Asker: 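Provided herewith is a single structure, encoded as structure tokens, for subsequent inquiry.
This is a predicted model, so every value here is computed, not measured.
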Amino acid sequence: MMGVALSSSKPCSSVLYTLTRFNRSNLVLACSGSNPDRKRRSVLFGSSLVLASTTLLGKFPVESVIALEQTKEKEEELEEEEDRYVNLFQKTSASVVFIEDIELPKNSTDESNVEDNAKIEGTGSGFVWDKRGHIVTNYHVIAKLATDQSGLQRCKVSLVDATGTKFTKEGKIVGLDPDNDLAVLKIETEGRELKPVALGTSSDLRVGQSCFAIGNPYGYENTLTIGVVSGLGREIPSPNGKSIREAIQTDADINSGNSGGPLLDSYGHTIGVNTATFTRKGTGMSSGVNFAIPIDTVVRTVPYLIVYGTAYRDRF
């Protein structure tokens with residue numbers, strides 16, 4: 001049996017709310033790269049390889065030397081791929097925020113010690129929308145705050161500014177769209193410069209292209225998972241029972257606490273908002289079938305949430 005889970009870290013019932021052939025001339029070109037460590041490695045390996053090739057040609061078959069060259073070629077390709085992943089994470093992670101749902105003690109009126117006295121009820125992710133402090137996340141991540149009647153619910157947002165300095169602020173609800181499982185929070189920047197995400201488009205995605213999810217699964221901040229776009233045009237349930245259409249399916253891991261974080265393409269552009277995963281019933285573990293709200297839906301919706309507090313369709 002499989003169940004749908006939305007990937008925040010809150011418990012729920014059936015729906016749990018939670019991306020040319022090698023030759024010796026290439027050795028010379030490899031030495032001209034901008035990475036000093038790789039340059040030294042390439043120079044050392046290159047000179048050794050030329051020497052080895054000269055020595056071995058008289059003692060071993062040509063196939064052995066070719067295999068050695070091909071191994072070096074694969075190692076360089078792997079290093080380049082790893083560097084792309086590292087650079088993508090470094091470029092984008094500062095735009096991702098960690099969200100905690102907290103509840104103040106019923107007998108407490110002092111919010112100065114809220115972190116000491118409050119109960120953490122759930123965690124999720126989000127991302128910086130603009131430099132004014134607007135944060136986009138899933139509705140289900142902050143649903144308790146949105147429906148709070150007691151006045152005890154709070155939302156704590158942790159992030160870094162453009163200089164890499166970490167800070168935490170209370171998030172205030174600006175707009176809600178439960179139909180699309182979207183919400184906008186606002187934090188006080190107090191003069192800090194934030195780093196908004198780079199927006200992409202979901203209209204030209206292709207099955208098989210690489211994608212990357214950054215979030216805070218199980219409270220582990222700034223976690224990167226890698227996968228591909230597994231499917232397009234999916235339909236998944238929203239928190240209020242309606243359908244979210246054109247969802248992106250991916251095998252990049254989206255676990256509890258990833259909800260609200262960005263799904264990125266290979267250029268670091270946001271192509272979706274991570275929101276749900278199919279789980280094996282009774283385990284709460286991802287089955288590798290995960291979903292994100294397409295960024296084109298987000299781009300259409302968020303400006304209305306910021307200005308009017310509700311989606312366009314709900315204004316009339």
Asker: Quick check: is Phe98 connected to Val273 through a chain of hydrophobic side chains (ILVMFWY, heavy atoms under 4.5 Å apart)?
Answerer: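 Per the 4.5 Å side-chain linkage, Val273 and Phe98 are not co-clustered.
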Asker: Looking only at atom types and distance, does a side-chain atom of Asn138 sit under 3.5 Å from a main-chain N or O of Leu182, one as donor and one as acceptor?
Answerer: no
Asker: Quick one: do Val157 and Phe167 end up in the same hydrophobic cluster if we chain Ile, Leu, Val, Met, Phe, Trp and Tyr together by side-chain heavy atoms under 4.5 Å apart?
Answerer: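 As far as the 4.5 Å side-chain criterion goes, Phe167 and Val157 are connected within one cluster.
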Asker: Given side chains that start at C-beta, do those of Leu199 and Val197 come closer than 4.5 Å, heavy atoms only?
Answerer: yes
Asker: Give me the atom names and distance for the closest heavy-atom approach of Gly260 to Thr137.
Answerer: CA-OG1, 3.8 Å
Asker: Is any side-chain heavy atom of Asp130 less than 4.5 Å from a side-chain heavy atom of Leu194?
Answerer: no
Asker: Do Thr201 side-chain atoms and Ser203 backbone N/O form a donor-acceptor pair below 3.5 Å?
Answerer: yes
Asker: For a 4.5 angstrom cut-off between non-hydrogen side-chain atoms, does Gln153 reach Glu121?
Answerer: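 A side-chain contact under 4.5 Å exists here.
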Asker: Out of curiosity, Gln209 CD to Thr250 OG1, how far, rounded to the nearest 0.5 Å?
Answerer: 10.0 Å
Asker: Find out whether Asn216 and Val97 are in side-chain contact, i.e. whether some heavy atom of one side chain is under 4.5 Å from a heavy atom of the other.
Answerer: no
Asker: Atom NZ in Lys195, atom CG in Leu159: separation rounded to 0.5 Å?
Answerer: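 If we round to the nearest 0.5 Å, Lys195:NZ and Leu159:CG are 13.0 Å apart.
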Asker: Tell me whether Leu176 is reachable from Val141 by hopping between hydrophobic residues (I, L, V, M, F, W, Y) whose side-chain heavy atoms are closer than 4.5 Å.
Answerer: yes
Asker: For salt bridge (Lys or Arg N to Asp or Glu O under 4.0 Å), just list the numbers for Glu103 and Lys144, CA-CA rounded to whole Å, side-chain angles, deciding distance to a tenth of an Å, and then say yes or no.
Answerer: CA-CA 9 Å; Glu103 182 180 11; Lys144 284 194 173 183; over 6 Å; no
Asker: Is it true that, when you exclude Tyr267 itself, more than 12 heavy atoms of the residues, nucleotides or ligands shown sit nearer than 6.0 Å to its OH?
Answerer: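 Not buried by this count: 12 neighbours or fewer within 6.0 Å.
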Asker: Between atom CD of Glu246 and atom CD1 of Ile293, what is the distance when rounded to the nearest 0.5 Å?
Answerer: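 The distance works out to 13.0 Å.
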Asker: Using a 6.0 Å distance limit plus a 45 degree cone around the ring axis, check whether Arg234 lies over the aromatic ring of Phe291.
Answerer: no
Asker: Is there a side-chain contact between Val289 and Thr277 in this structure, where contact means two heavy atoms from C-beta onward sitting under 4.5 Å apart?
Answerer: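 With C-beta onward as the side chain, the pair stays apart.
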Asker: Distance only, no hydrogens: is a donor on one side chain within 3.5 Å (strictly under) of an acceptor on the other, for Ser230 and Gln249?
Answerer: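 No - no donor-acceptor pair under 3.5 Å links their side chains.
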Asker: What's the separation between atom NE2 in His134 and atom CD1 in Ile187, rounded to the nearest 0.5 Å?
Answerer: 10.5 Å
Asker: Identify the two heavy atoms, one from Thr92 and one from Gly268, that lie closest to each other, and give their separation to 0.1 Å.
Answerer: CG2-O, 3.7 Å
Asker: Salt bridge or not for Lys166 and Glu221, using N-O below 4.0 Å?
Answerer: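 The answer is yes: the pair qualifies as a salt bridge.
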Asker: Answer with yes or no whether the hydrophobic clustering places Phe127 together with Val160; edges join I, L, V, M, F, W, Y residues whose side-chain heavy atoms lie under 4.5 Å apart.
Answerer: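 Unlinked, Phe127 and Val160 end up in two clusters.
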Asker: Looking only at heavy atoms, which two atoms of Ser125 and Gly215 are closest? And how far apart?
Answerer: OG-CA, 3.5 Å
Asker: Dump the intermediate steps for side chain to side chain contact (heavy atoms under 4.5 Å, CB included) on Ile226 and Ser210, then the final yes or no.
Answerer: CA-CA 8 Å; Ile226 302 169; Ser210 297; 5.8 Å; no
Asker: Would a 4.5 Å heavy-atom cut-off, applied to side chains only, mark Asp177 and Thr310 as touching?
Answerer: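 Result no, sub-4.5 Å side-chain heavy-atom pair not found.
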Asker: Tell me whether Asn258 contacts the main-chain N or O of Asn255 through its side chain, where contact means a donor paired with an acceptor under 3.5 Å.
Answerer: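 Yes; judged by distance alone, with no hydrogens or angles, the pair exists.
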Asker: Any link between Trp129 and Val174 through a network of hydrophobic side chains (Ile, Leu, Val, Met, Phe, Trp, Tyr) touching at under 4.5 Å?
Answerer: yes
Asker: For Cys155, is there any backbone N or O sitting under 3.5 Å from a side-chain donor or acceptor partner on Asp101?
Answerer: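 Checked: no pair found.
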Asker: Could you walk me through whether Leu152 and Lys106 satisfy the side chain to side chain contact (heavy atoms under 4.5 Å, CB included) test, starting with their C-alpha distance in whole Å, then the side-chain angles of each, then the deciding distance to 0.1 Å, before giving a yes or no?
Answerer: CA-CA 7 Å; Leu152 299 175; Lys106 292 183 179 180; 3.6 Å; yes
Asker: What are the two closest heavy atoms between Ser243 and Glu235, and how far apart are they?
Answerer: OG-OE2, 3.1 Å
Asker: Is a side-chain donor or acceptor of Thr223 paired with a backbone partner of Tyr220 at a separation under 3.5 angstrom?
Answerer: yes
Asker: Indicate yes or no: does Lys242 engage Asp179 in a salt bridge with an N to O separation below 4.0 Å.
Answerer: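 Yes.
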Asker: Let me see the working for Ile135 and Val184 under side chain to side chain contact (heavy atoms under 4.5 Å, CB included), right down to the final yes or no.
Answerer: CA-CA 6 Å; Ile135 307 295; Val184 177; over 6 Å; no
Asker: What's the verdict on side chain to side chain contact (heavy atoms under 4.5 Å, CB included) for Ile271 and Leu264, showing C-alpha distance, side-chain angles and the deciding distance?
Answerer: CA-CA 5 Å; Ile271 56 174; Leu264 309 166; 5.8 Å; no
Asker: Compare all side-chain heavy atoms of Lys131 with those of Pro196 and state whether any distance is below 4.5 angstrom.
Answerer: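 A side-chain contact under 4.5 Å exists here.
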Asker: List the steps and the verdict of side-chain hydrogen bond (donor to acceptor under 3.5 Å, both in side chains) for Asn180 and Ser238.
Answerer: CA-CA 6 Å; Asn180 283 314; Ser238 68; over 6 Å; no
Asker: Please check if atom CD in Glu188 has more than 12 non-hydrogen atoms from other residues, nucleotides or ligands closer than 6.0 Å.
Answerer: no
Asker: Taking atom types as modelled and ignoring hydrogens, do the side chains of Thr225 and Asp253 form a donor-acceptor contact shorter than 3.5 angstrom?
Answerer: no
Asker: Any salt bridge between Glu170 and Lys172, counting N to O under 4.0 Å?
Answerer: yes
Asker: Enter the distance from Leu185:CG to Leu145:CG here, rounded to the nearest 0.5 Å.
Answerer: 7.5 Å
Asker: So how far is it from Leu88 CG to Ser266 OG, rounded to the nearest 0.5 Å?
Answerer: 7.5 Å
Asker: Kindly check if the number of other-residue, nucleotide or ligand heavy atoms within 6.0 Å of OH (Tyr85) is above 12?
Answerer: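 Buried by this count: over 12 neighbours within 6.0 Å.
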Asker: Between the main-chain N or O of Arg132 and the side-chain N or O of Thr189, is there a donor-acceptor pair closer than 3.5 Å?
Answerer: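 The answer is no, because no donor-acceptor pair under 3.5 Å joins these two groups.
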Asker: In this structure, is the centre-to-centre distance between the rings of Phe89 and Phe212 below 6.0 Å?
Answerer: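 No, ring centres 6.0 Å or more apart.
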Asker: Would you call Thr275 and His140 a side-chain contact if the rule is heavy atoms closer than 4.5 Å?
Answerer: yes
Asker: Is the backbone of Asn87 close enough, under 3.5 Å, to the side chain of Asp83 for a donor and an acceptor to pair up by distance?
Answerer: no
Asker: Which heavy-atom pair separates Ala252 from Ala213 by the least distance, and what is that distance?
Answerer: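 Between these two residues, the closest heavy atoms are CB-CB, 4.5 Å.
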Asker: Could you report the tightest heavy-atom contact between Ile142 and Ala183, atom names first, then the distance?
Answerer: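 Closest pair (atom of Ile142, atom of Ala183, distance): CD1-CB, 3.7 Å.
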